[in-house]
> 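Please see the structure below; I have some questions.
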Amino acid sequence: MFDLIIKNGKLINEEKVEVAIKDGVILNVDTVIESSAKEVLDLAGEHYLSAGWIDDHVHCYEKMTLYYDFPDEIGVTKGVTTVIDAGTTGAENISDFYELTKGVKTNVYALVNISKWGIVEQDELADLTKIQAKLVRDRLAELPQFIVGIKARMSKTVVGENGITPLELAKDIQRDNGGLPLMIHIGSAPPELQEVLALLAEGDVLTHCFNGKPNGILDKDTDRIKDFAKAAYEKGIVFDIGHGTDSFNFHVAETALKEGIKATSISTDIYHRNRENGPVYDLATTMEKLRVVGYSWEEILDKVTAVPAKYFHLEKKGRLAAGFDADLTIFDLAEGEKTLTDSNGFTRVTNELIKPVKTIIGGAMYDN
């Protein structure tokens, strides 16, 4: 007997789907499942479902003062089954962060900041003595089930006078630890974006890919994507949205799309202030923004499920298939006018809204 069967659901392509779950794992996905279960959820053909949504760039270590939130406020309550904290903590405090996550419903993973205390100050990479490779290696050995990669913020306000050096050290740490995933934040120069991209390799994650800053991918003079940014995209560098308070611009995203560049993955860079006051609010709102830019719902869902699971090696997440974790998002697509605002105050109006209805994590069901 199954623990839960979801009946009469539908995929985003309108295909009928039913899902059987036992012991926190998906055991069967089919058009019709004729079996018994302790609990049956009948969606009556009215709701869509997908693999659980993954937000691969959040800040949810609640003890920080600059950027923090609570995992369930940005996760399970928002239709998001898994979040990856993007370097809020470093080697000195990530163990405490891990202990806190044991008490939440949302799946939480983390990228360890190469600066040993994480983002306790805005300029965490201005002092190179805070980058201690051995500490990072020790934490990776201690918390392999929690730490899924490393993070370095490469902008002037963070690195101070150190230029490209912190990224060179991050790449050394990456190489010395089996090529683990690396996420790089970009912002104001120096270092110049071209310098940053020159050091990145296929599979490395460039977050804030569509920011509207002068040091971004858009050439303000020609209103075209910079050639070296195109080359980096074609090389296989992961372009991650990382919306944030200051890092998503509609025009940049639209221009990139016209030139054949789509975000590889969609994430929020959410923390309590931009959740409460905007412009981020939640992952669903960021997904709506990519829809109004011109992405299909099918690819948007892929970019918040299978894609982040692939790049951060979450091998049992991101797919609605037998053998995968029983993490699912049940949602509606609704009509309704909504004004969406980017990080620079520019707006677009959408008539297509995506609304989480229920979130299932490890087979446990929660209402949204």
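The basis for the numbers below is simple: all heavy atoms, side chains too, and nothing from hydrogens, waters or symmetry mates.
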> Less than 4.0 Å between a side-chain N and a carboxylate O, is that true for K7 and D42?
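No salt bridge links D42 with K7.
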> Does D219 reach the main-chain N or O of D223 with its side chain, forming a donor-acceptor pair under 3.5 Å?
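Looks like no, no N/O pair under 3.5 Å.
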> Does the pair H47 and F331 meet the rule for a ring pair (Phe, Tyr, Trp, His ring centres under 6.0 Å), with working shown?
CA-CA 6 Å; H47 304 295; F331 61 95; 9.5 Å; no
> The test is side chain to side chain contact (heavy atoms under 4.5 Å, CB included); show your working for L27 and F2 and say whether it passes.
CA-CA 9 Å; L27 292 189; F2 295 113; 3.8 Å; yes
> For atom CZ of R319, is the number of surrounding heavy atoms from other residues, nucleotides or ligands below 6.0 Å larger than 12?
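No, CZ of R319 has 12 or fewer neighbouring heavy atoms, counting only those of other groups under 6.0 Å.
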> Quick one: are T264 and Y311 in side-chain contact, heavy atoms under 4.5 Å?
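In contact.
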> Begin with the C-alpha distance, continue with both residues' side-chain angles, and end with the deciding distance and a verdict on side chain to side chain contact (heavy atoms under 4.5 Å, CB included) for I84 and H57.
CA-CA 6 Å; I84 299 177; H57 185 158; over 6 Å; no
> With a sphere of 6.0 Å drawn around CD of E99, does it hold more than 12 non-hydrogen atoms of other residues, nucleotides or ligands?
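Yes, the 6.0 Å shell around CD holds more than 12 heavy atoms from other groups.
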> Are D282 and R275 within salt-bridge range, i.e. N to O under 4.0 Å?
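Salt bridge: no.
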> Check this for me, if you would: do R137 and E142 make a salt bridge, where the nitrogen-to-carboxylate-oxygen distance has to be below 4.0 angstrom?
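No salt bridge links R137 with E142.
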> Are the side chains of L206 and V238 in touch, meaning some heavy atoms are under 4.5 Å apart?
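No, their side chains stay 4.5 Å or more apart.
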> Does the side chain of I241 reach to within under 4.5 Å of the side chain of K289, using non-hydrogen atoms?
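A side-chain contact under 4.5 Å is absent here.
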> Group every Ile, Leu, Val, Met, Phe, Trp and Tyr by side-chain heavy-atom contacts under 4.5 Å, then state whether M154 and I217 land in the same group.
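Yes, it is one cluster - the side chains of M154 and I217 are joined through contacts under 4.5 Å.
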> Looking only at non-hydrogen atoms, find the nearest pair between V32 and K16 and report the distance.
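Looking at all heavy atoms of both residues, the shortest contact is CG2-NZ, 4.0 Å.
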> Please determine if K235 and E202 form a salt bridge, counting it only when a charged side-chain N lies under 4.0 Å from a carboxylate O.
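Salt bridge between K235 and E202, a charged N being under 4.0 Å from a carboxylate O: no.
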> Counting only N and O atoms by type, is there a donor-acceptor contact under 3.5 Å from the side chain of E14 to the main-chain atoms of L11?
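No; judged by distance alone, with no hydrogens or angles, the pair does not exist.
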> Report, as yes or no, whether the 6.0 Å neighbourhood of atom NZ on K310 holds more than 12 heavy atoms from other residues, nucleotides or ligands.
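Counting other residues, nucleotides and ligands, NZ of K310 stays at 12 neighbours or fewer.
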> Salt-bridge test for D367 and K358: reply yes if a basic N is under 4.0 Å from a carboxylate O, no otherwise.
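The answer is yes: the pair qualifies as a salt bridge.
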> Checking N211 against D246: is there a side-chain donor and acceptor pair closer than 3.5 Å?
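There is no such pair (donor and acceptor under 3.5 Å, judged by atom type) between the side chains of D246 and N211.
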> Take T88 and N113 through the side-chain hydrogen bond (donor to acceptor under 3.5 Å, both in side chains) test and state the conclusion after the steps.
CA-CA 7 Å; T88 311; N113 197 308; over 6 Å; no
> In this structure, would Y109 and I114 fall into the same cluster of hydrophobic residues linked by side-chain contacts under 4.5 Å?
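Shared cluster, no.
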> Could you tell me which non-hydrogen atom of A229 sits nearest to which non-hydrogen atom of L197, and how far apart they are?
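For A229 and L197, the tightest heavy-atom pair comes out as CA-CD1, 4.0 Å.
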> Crowded around K355 NZ? As in, over 12 foreign heavy atoms under 6.0 Å?
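Result for NZ/K355: open.
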> Where the side chain of E195 meets the backbone of E192, is there a donor-acceptor pair that is under 3.5 Å apart?
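Pair found, side chain donor or acceptor close to backbone of E192.
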> Check whether any side-chain heavy atom of V83 sits under 4.5 Å from a side-chain heavy atom of N107, and report yes or no.
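Contact flag for V83/N107 side chains = no.
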> Applying side chain to side chain contact (heavy atoms under 4.5 Å, CB included) to V280 and T245, what does each step give before you reach the verdict?
CA-CA 7 Å; V280 176; T245 305; 5.7 Å; no
> Is there a donor-acceptor contact under 3.5 Å from the side chain of S343 to the main chain of F248?
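Between the backbone of F248 and the side chain of S343 there is a qualifying donor-acceptor contact (under 3.5 Å).
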> What I'd like to find out is whether the side chain of V136 reaches to under 4.5 Å of the side chain of I150, using heavy atoms alone.
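Of all side-chain heavy-atom pairs linking I150 with V136, at least one is under 4.5 Å.
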> Following the transitive rule for hydrophobic clusters with a side-chain heavy-atom cut-off under 4.5 Å over Ile, Leu, Val, Met, Phe, Trp and Tyr, establish whether L135 and V120 coincide in one cluster.
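Different clusters: L135 never reaches V120 through Ile, Leu, Val, Met, Phe, Trp or Tyr contacts under 4.5 Å.
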> Does one hydrophobic cluster hold both Y366 and L4, with members joined at side-chain heavy-atom distances below 4.5 Å?
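Hydrophobic grouping puts Y366 apart from L4.
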> Just so I know, are the side chains of P166 and L128 near enough to count as touching, which here means a heavy-atom distance under 4.5 Å?
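With C-beta onward as the side chain, the pair touches.
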> Given 3.5 Å as the limit, does a donor-acceptor pair link the side chain of N177 with the main chain of Q174, or not?
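Side chain of N177 to backbone of Q174, a donor-acceptor pair under 3.5 Å: no, none is there.
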> If you look at every heavy atom in E298 and N13, which pair is closest and at what distance?
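What the structure gives for the nearest pair is OE2-CA, 4.4 Å.
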> Hey, which of T81, V76, V19, I6 is the one that makes side chain to side chain contact (heavy atoms under 4.5 Å, CB included) with I360?
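So the option named by the test is I6.
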> Could you walk me through whether T285 and L340 satisfy the side chain to side chain contact (heavy atoms under 4.5 Å, CB included) test, starting with their C-alpha distance in whole Å, then the side-chain angles of each, then the deciding distance to 0.1 Å, before giving a yes or no?
CA-CA 8 Å; T285 301; L340 303 168; 4.0 Å; yes
> Would you name the heavy atoms of R139 and S95 that are closest together and state the gap between them?
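Answer, listing the atom of R139 first, then S95: CD-OG, 3.7 Å.
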> Might you point out which heavy atoms bring T305 and I54 nearest each other, and give the distance in Å?
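Closest approach of T305 to I54, heavy atoms only: O-CD1, 3.5 Å.
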> Between A110 and F97, what is the shortest heavy-atom contact and its length?
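Between these two residues, the closest heavy atoms are CB-CE2, 4.0 Å.
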> Taking the six-membered ring of Y48, is NZ or CZ of K10 closer than 6.0 Å to its centre and within 45° of its axis?
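Yes, K10 and Y48 form such a contact.
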> Any chance you could lay out the side-chain hydrogen bond (donor to acceptor under 3.5 Å, both in side chains) test for D72 and T77, step after step, and finish with the verdict?
CA-CA 6 Å; D72 287 342; T77 61; over 6 Å; no
> Strictly below 4.0 Å, N to O, side chains only: are D3 and K38 in salt-bridge contact?
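Judged by the 4.0 Å cut-off on N to carboxylate O distance, D3 and K38 do form a salt bridge.
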> Parallel, tilted or perpendicular: which one describes the rings of F146 and Y98, with boundaries at 30° and 60°?
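The arrangement is tilted - the two ring planes meet at 30° to 60°.
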> Tell me if a side-chain donor or acceptor on R153 pairs with a main-chain N or O of Q122 at a distance below 3.5 Å.
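It does hold such a pair.
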> Is any side-chain heavy atom of L43 less than 4.5 Å from a side-chain heavy atom of L41?
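Counting from C-beta outward, L43 and L41 do come under 4.5 Å.
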> Once you measure the plane-to-plane angle for H208 and H185, does it fall in the parallel (<30°), tilted (30-60°) or perpendicular (>60°) bin?
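H208 and H185: perpendicular rings.
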> Can you tell which of M64, H59, E73, E276 makes a side chain to side chain contact (heavy atoms under 4.5 Å, CB included) with Y271?
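By the side chain to side chain contact (heavy atoms under 4.5 Å, CB included) criterion, Y271 pairs with just one of M64, H59, E73, E276: H59.
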> Roughly how far, to the nearest 0.5 Å, is OG1 of T157 from CD of E121?
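Rounded to the nearest 0.5 Å, the CD-OG1 separation comes to 12.5 Å.
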> Does a donor on one side chain sit under 3.5 Å from an acceptor on the other, for D69 and Y61?
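On atom types as modelled, these side chains do not qualify, holding no pair under 3.5 Å.
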> With a sphere of 6.0 Å drawn around CD of E337, does it hold more than 12 non-hydrogen atoms of other residues, nucleotides or ligands?
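No, not enclosed.
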> Under the salt bridge (Lys or Arg N to Asp or Glu O under 4.0 Å) rule, what do D204 and K171 come out as? Steps first, then yes or no, please.
CA-CA 10 Å; D204 288 341; K171 291 298 290 185; 2.6 Å; yes
> Is there a donor-acceptor contact under 3.5 Å from the side chain of N215 to the main chain of P191?
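Judged by distance alone, yes, a pair lies under 3.5 Å.
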> Please step through side-chain hydrogen bond (donor to acceptor under 3.5 Å, both in side chains) for the pair S267 and H243, ending with a clear verdict.
CA-CA 7 Å; S267 65; H243 188 305; over 6 Å; no
> Closer than 4.0 angstrom, basic N to acidic O: yes or no for D172 and R175?
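Salt bridge between D172 and R175, a charged N being under 4.0 Å from a carboxylate O: yes.
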> When you check the gap from the basic side-chain N to the acidic O, do K151 and D85 get nearer than 4.0 Å?
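Looking at K151 and D85, the cut-off is not met.
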> Is a donor on one side and an acceptor on the other found under 3.5 Å between the side chain of E124 and the backbone of S115?
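No: the side chain of E124 does not pair with the backbone of S115.
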> Would you mind checking if E288 and R348 are paired as a salt bridge, meaning a charged N to carboxylate O distance below 4.0 Å?
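Not counted as a salt bridge, because no side-chain N and carboxylate O are separated by less than 4.0 Å.
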> Are F210 and I266 connected into the same hydrophobic cluster when the rule is that any two of I, L, V, M, F, W, Y join if their side-chain heavy atoms are below 4.5 Å apart?
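Yes.
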